[in-house]
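One structure below.
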Amino acid sequence: MKKIVILVNSDIVIYNFRLELVEALLSNGYQVVIVSPYGKRIDFLTQLGCKFIELNLARHGKNLFQDLNLLKNYKKILKLEKPDVVLTYTIKPNIYGGMACQSLKIPYIANITGLGDAIENGGLLQKITLFLYKLGLKKAKNVFFQNASNQKFFLDNKIVKGNNDLLPGSGVNIERFAYAEYPTNDAIKLLFIGRITRDKGVNELAEVAKIIASKYQNVVFDIVGWADEGSKNPFETLGNCYCHGSQVEVKPFIEKTHAIVLPSYHEGMANVLLEAASCGRPILASNIPGCQETFEEGVTGFGFEPKNIESLCEVIEKFIALPYEQKCEMGKLGRKKMEEQFNRQIVVNKYLEQINSL
């Protein structure tokens, strides 16, 4: 039996965005081994038939000794498992998993899920990260990108040369996130889904929520997500914001909302926007790569400038003022866009094609 090892930095990365790929691999007769920190979604994946190997890593850590230990652990695991192909996702698995595969001459396919703070913020840390990426991706059989801007950045910086391809993000399961009837217009609900951390624009959104509270009595914000270690939740004390914490299933929240809001600073491809649009909900998002691709301006959503409270507030008020029927129509057109351009099966097929060719 052919064996695939998947290296990720959390259970969310594989369950929320790669579940259909895992199912396809299993149904095609592959043995699937997941190497990741433990999270509650892992139990579901092992029930499907995956083998799980727990390996903790500091996702945002900058400790060189910890990272060298991660490389050592990857090599140890891969030596024991002897996979036919390794799939890597997110920065540290891409870099250190790639290095481990190179040393053991195992074919691997990397996926750039976004540039991340280390690259976006520039400076010495960017230079170090790009150098490590060059080493980690040097012999990848293919490098998948989730948006054209990230792809261009890696090509311009000569981190990758040949063997790279562009995916429609991680795609969206248009059956699981089926169109849902638009909610009534009694109170307008706006939804944020994501990590409660600075680079998701939560501080700007909280400031806008205060402004909206002073002007509109019928607008509320639902906040679904968890605060990173060391991050404060700026929504907790706001009367018009309801914090629901981390949720395994976000669809019930999407179904009840009138629009999704994502004021992120950077994204690979914002899956929460794809999922909301697939359910027929308009998108209000930052005008950045990874968000821009998910909506048509004025047709299925509105864009605003990142890190800009005034621009974000203007767009939210613009949406609030739309007639109910226009909000519904935006959602329906967004659903059509997902069906035509972002069906997750496109991503699954590209992966299967690559894996089978190896």
Q. Which ILVMFWY residues can you reach from Val220 by hopping between side chains whose heavy atoms are under 4.5 Å apart?
A. Tyr242
Q: Only counting residues at least two apart or in another chain, list the ones meeting ring-ring contact (aromatic ring centres under 6.0 Å, His included) with Phe52.
A: none
(Q) Taking side chain to side chain contact (heavy atoms under 4.5 Å, CB included) as the definition, give me every residue that meets it alongside Gln292, ordered by chain and number, with sequence neighbours left out. (A) Asn287, Pro289
Q) Which heavy atom in Ser36 sits nearest to a heavy atom in Ser10, and how many Å separate them? A) OG-C, 3.5 Å
Q: Say whether Leu78 and Ile6 are linked into one hydrophobic cluster, either directly or through other cluster members, by side-chain heavy-atom distances under 4.5 angstrom.
A: no
Q) For Phe319, which residues count as a ring-ring contact (aromatic ring centres under 6.0 Å, His included) partner, sequence neighbours excluded? A) none
Q. If you round to the nearest 0.5 Å, how far is CG of Leu358 from CG of Asp84?
A. 10.0 Å
**Q.** Heavy-atom side-chain contact between Leu132 and Met99 under 4.5 Å
**A.** yes
**Q.** His244 backbone acceptor or donor facing Asp222 side chain under 3.5 Å
**A.** no
Q: Would you sort out whether Ile260 and Arg281 count as a side-chain contact (heavy atoms from CB on, under 4.5 Å), showing the intermediate values?
A: CA-CA 7 Å; Ile260 187 158; Arg281 299 301 178 261; 5.5 Å; no
Q) Do the side chains of Leu135 and Ile95 get nearer than 4.5 Å, heavy atoms only? A) no
Q.
Under the side chain to side chain donor-acceptor pair (under 3.5 Å) test against Tyr96, which residue among Asn73, Thr88, Asn69, Asp67 passes?
A. Asp67
Q) Is there side-chain contact between Lys139 and Tyr108, with heavy atoms separated by less than 4.5 Å? A) yes
Q) Arg335 side chain to Ser278 main-chain N or O, any donor-acceptor pair under 3.5 Å? A) yes
Q) Residues in salt bridge (Lys or Arg N to Asp or Glu O under 4.0 Å) with Glu293, at least two apart? A) none
Q) Given side chains that start at C-beta, do those of Leu19 and Leu48 come closer than 4.5 Å, heavy atoms only? A) yes
Q: Indicate, with yes or no, if Leu166 and Ile159 share a hydrophobic cluster defined by side-chain heavy-atom contacts under 4.5 Å among Ile, Leu, Val, Met, Phe, Trp and Tyr.
A: yes
Q) Could you state the interatomic distance from CG (Leu130) to CG (Leu125), rounded to the nearest 0.5 Å? A) 9.5 Å
Q. So, do Ile320 and Ile212 sit near enough that their side-chain heavy atoms are less than 4.5 Å apart?
A. yes
Q: Give every residue pair that meets the side-chain hydrogen bond (donor to acceptor under 3.5 Å, both in side chains) criterion with at least one member in residues 155-176, sequence neighbours excluded.
A: Arg18-Ser170, Glu20-Asn173, Gln146-Ser170, Gln151-Asn164, Lys152-Asp156, Asp165-Lys350, Arg176-Glu249
Q. Could you give the distance from CG (Leu57) to CD1 (Ile91), rounded to the nearest 0.5 Å?
A. 11.5 Å
Q.
Run the side chain to side chain contact (heavy atoms under 4.5 Å, CB included) test against Pro234 and tell me which residues pass, sequence neighbours left out.
A. Ile196, Val202, Asn203, Ala206
Q) What heavy-atom pair brings Gly114 and Asn150 nearest, and what distance separates the two atoms? A) CA-OD1, 3.5 Å
Q. How are the rings of Phe154 and Phe145 set to each other: parallel, tilted or perpendicular (split at 30° and 60°)?
A. perpendicular
**Q.** Qualifying residues under ring-ring contact (aromatic ring centres under 6.0 Å, His included), relative to Tyr74, sequence neighbours excluded
**A.** none
Q) Can you check whether Val143 reaches Ile112 side chain to side chain, under 4.5 Å on heavy atoms? A) yes
Q) Is there a donor-acceptor pair under 3.5 Å between the side chain of Lys105 and the backbone N or O of Gln102? A) no
Q) Considering all heavy atoms of both residues, which atom of Gly97 and which atom of Leu7 are nearest to each other, and what is their separation? A) CA-CD1, 3.6 Å
Q: Verify the cluster assignment for Ile12 and Phe177: are they in a single hydrophobic cluster under the rule of side-chain heavy atoms below 4.5 Å apart?
A: no
**Q.** Nearest non-hydrogen partners of Asn111 and Asn94, listed with the distance
**A.** O-ND2, 2.9 Å
Q: Output yes when Lys40 and Asp11 qualify as a salt bridge under the 4.0 Å nitrogen-oxygen rule, no when they do not.
A: no
(Q) Set out, in order, the CA-CA distance, both residues' side-chain angles and the distance that settles ring-ring contact (aromatic ring centres under 6.0 Å, His included) for Phe235 and Phe221, then state yes or no. (A) CA-CA 9 Å; Phe235 303 105; Phe221 294 81; 7.9 Å; no
Q | Expected output: side-chain His258 to main-chain Lys189 donor-acceptor under 3.5 Å | A | yes
Q: Check salt bridge (Lys or Arg N to Asp or Glu O under 4.0 Å) between Lys3 and all other residues, then give those that pass, not counting sequence neighbours.
A: Glu81
Q: Can you tell me which residue pairs pass the side-chain hydrogen bond (donor to acceptor under 3.5 Å, both in side chains) test with a partner in residues 297-315, sequence neighbours excluded?
A: none
Q) Excluding sequence neighbours, so at least two apart, what forms ring-ring contact (aromatic ring centres under 6.0 Å, His included) with Tyr324? A) Tyr182
Q. Are Leu87 and Tyr351 close enough that some pair of their side-chain heavy atoms sits under 4.5 Å apart?
A. yes
(Q) Show me the pairs that pass side-chain hydrogen bond (donor to acceptor under 3.5 Å, both in side chains) and involve residues 261-271, at least two apart or across chains. (A) Asp117-His266, Asp199-His266, Lys200-Glu267, Glu204-Tyr265, Ser264-Glu267
Q: State yes or no: do Ile42 and Ile4 share one hydrophobic cluster built from I, L, V, M, F, W and Y residues joined by side-chain heavy-atom distances below 4.5 Å, directly or via other members?
A: yes
